[in-house]
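Notes follow once the structure below has been shown.
The structure displayed is predicted, hence computed values, not measured ones. Within every chain, numbering begins at 1; the chains are lettered A, B, ... in the order of the sequence lines, protein sequences first and strands thereafter.
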Protein chains: 2
Amino acid sequence: MSESTGGETLLFLTDEQLRQGIEAMFFAYRGFTADPDRILATMAYGRAHHRAIHFIARAPGTTVNNLLEILGVTKQSLNRVLRTLVEDGLVESKVGTTDRRERNLFLTEDGMALERRLSDAQRARMRAAYRQAGPEAVAGFRTVLEAMMDPEMRRKYNALREGGA
Amino acid sequence: MSESTGGETLLFLTDEQLRQGIEAMFFAYRGFTADPDRILATMAYGRAHHRAIHFIARAPGTTVNNLLEILGVTKQSLNRVLRTLVEDGLVESKVGTTDRRERNLFLTEDGMALERRLSDAQRARMRAAYRQAGPEAVAGFRTVLEAMMDPEMRRKYNALREGGA
DNA sequence: CTTGGAATGTCAACAAAGCTGACGTATTGT
DNA sequence: ACAATACGTCAGCTTTGTTGACATTCCAAG
C-alpha cells in the first residue's frame, strides 16, 4: 500500500489528509443529526423513526420492501418502527392496487407535520452551511459524497432524485 | 423564514437541493462506515470500539474526559468499551504524571495493529472517493463539512489537527 | 492537615435499535 | 395445485447508548 505515486496533484491524498477527512465526516454527521434528534427526544421517537418518515415523505406510496432496501435494516427492525408510526396515526399503510401483497406507505396530515418540523430543522443547518461555504464548495461536497457511496446506495440515491424531481 | 432573496447564486439553496444534500450525507455515511464495520463484525467489537481506538491513536496520552467530550457519550458507555479494550490488551491506561487522577490512554502494539487495519480500510475508500472527485471537490467537501459542525465540535476537530500535525 | 470538589471507576437497571430464526397469511404467478 | 413473494409477528439476543447511585483517589484551598 505504499503510495509512491507522489505527483503534486495527489498531495491531498496523504494519510494525514485522509484522516482529517474521516474526522470531518464524523464530527459533521454529529451536527447533521443533532437538531432532529433534539426534537425527537421530546417524544417517544428516535432516529429510526425520522429515517422512515423522511423516505416515506420523499417517495409517497413506497412499499415496505423498497424502504427496507433504502434503509438497509431488517424487516423486523423496520416493522417495529413502522408499527408505532401507524398506531400513532402518522403513517398510513394501504394495500397495493396492482399487487395486493404489497403495502403502500403514506404520511398522514400529522405525519407530514412532523416531517416538516424535522426536516426544517435539518435543512436550516444545511442551508447555513451551504451559504457559508458557497456554491462551488457545495458542488464539491456533493461530488465527494456520491463517490463515497456503495454503488447500490448510489443507485438508490439517484432513483430518489429522478422520482422526486 | 421565507427565502425570497432568490438571487441566481442562491439557486442551490432550494429545499429540493438541501434535501438531496441530506440524503447524500445519509448514504455516504453508510459507505463511510461499511468497511471498518465488516472487519469489526468478525471480532467481538463494534463501531464504538473503532471510534475509541481511532481517537486514542490520533492523540496518544489523551485523558478519559477528553475522549468523552470528543465522542459525546457518557463515561459509563465509554468505560464499557474501554474496559474490554484494556482487558484484551489493545489499550493501555496509565496513571497521569502531573495529575494522578487522570488516566492517559495509549494503544499497545496490538492496538496499533488493529487501528491500522481499520483505518487502512476506511482510508482506501476515502482515497478512492477523493481521487475520483478531484482536489477542488475535496476542498469544497471539507469546507461544507466544517460548516455543518457544532461550534464545540469544530473546536475539537481543529484541536486534533493542530495537535496531530 | 483536613476537607471539598474533581476525575475516575463501577454497579444496576433500562431503552433504542439493530440482528437471527421461525412461522403464519395473503396473494400472485406458473 | 403449488411455489414464490410480500408482509407481519413472536421470541430472544447484542451493541451501544442512557440515569442514578456510590466508592475511590487525589489535588488544592483553607
What is the distance, to the nearest angstrom, from the [atom1] atom on [X] to the [atom2] atom on [N]?
{"X": "B:Glu69", "N": "C:dA7", "atom1": "CD", "atom2": "C1'", "result": "12 Å"}
{"X": "B:Leu40", "N": "D:dT14", "atom1": "CG", "atom2": "C1'", "result": "15 Å"}
{"X": "B:Arg101", "N": "C:dG5", "atom1": "CZ", "atom2": "P", "result": "13 Å"}
{"X": "A:Lys75", "N": "C:dC19", "atom1": "NZ", "atom2": "P", "result": "13 Å"}
{"X": "A:Leu67", "N": "D:dA6", "atom1": "CG", "atom2": "C1'", "result": "14 Å"}
{"X": "A:Asn104", "N": "D:dG8", "atom1": "CG", "atom2": "P", "result": "11 Å"}
{"X": "B:Asn79", "N": "D:dT19", "atom1": "CG", "atom2": "C1'", "result": "15 Å"}

If we ignore angles and hydrogens, is there a donor and acceptor under 3.5 Å between the side chains of A:Glu115 and A:His50? no
Any side-chain donor-acceptor pair under 3.5 Å between A:Asn66 and A:Thr62?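 There is such a pair (donor and acceptor under 3.5 Å, judged by atom type) between the side chains of A:Asn66 and A:Thr62.
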Give a yes/no on whether any side-chain N or O of B:His49 is located under 4.0 angstrom from OP1 or OP2 of D:dT16.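 For D:dT16, OP1 or OP2 has a side-chain N or O of B:His49 closer than 4.0 Å.
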Classify A:Arg80 by what it touches in the nucleic acid, base, sugar-phosphate, or nothing, heavy-atom distance under 4.0 Å. base
Base, sugar-phosphate, or nothing: which does A:Thr84 touch, judged by heavy atoms less than 4.0 Å apart? nothing
Kindly say whether, by distance alone, the side chain of B:Arg83 makes a donor-acceptor pair under 3.5 Å with the base of C:dG9?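 Under the 3.5 Å cut-off, the side chain and the base do not form any donor-acceptor pair.
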State whether A:Phe106 and A:Lys94 meet the cation-pi test: NZ (Lys) or CZ (Arg) under 6.0 Å from the six-membered ring centroid, and within 45° of the perpendicular axis. yes
Can you confirm whether B:Glu69 is buried at CD, in the sense that more than 12 heavy atoms of other residues, nucleotides or ligands lie under 6.0 Å from that atom?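 For B:Glu69, atom CD is crowded (more than 12 foreign heavy atoms under 6.0 Å).
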Which one, D:dG17, C:dT8, D:dC7, comes nearest to the side chain of B:Glu102?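 Nearest to the side chain of B:Glu102 among the choices is C:dT8.
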Which one, C:dG9, D:dA11, D:dT16, comes nearest to the side chain of A:Gln76?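 Looking only at heavy atoms from C-beta outward on A:Gln76, the closest nucleotide is D:dA11.
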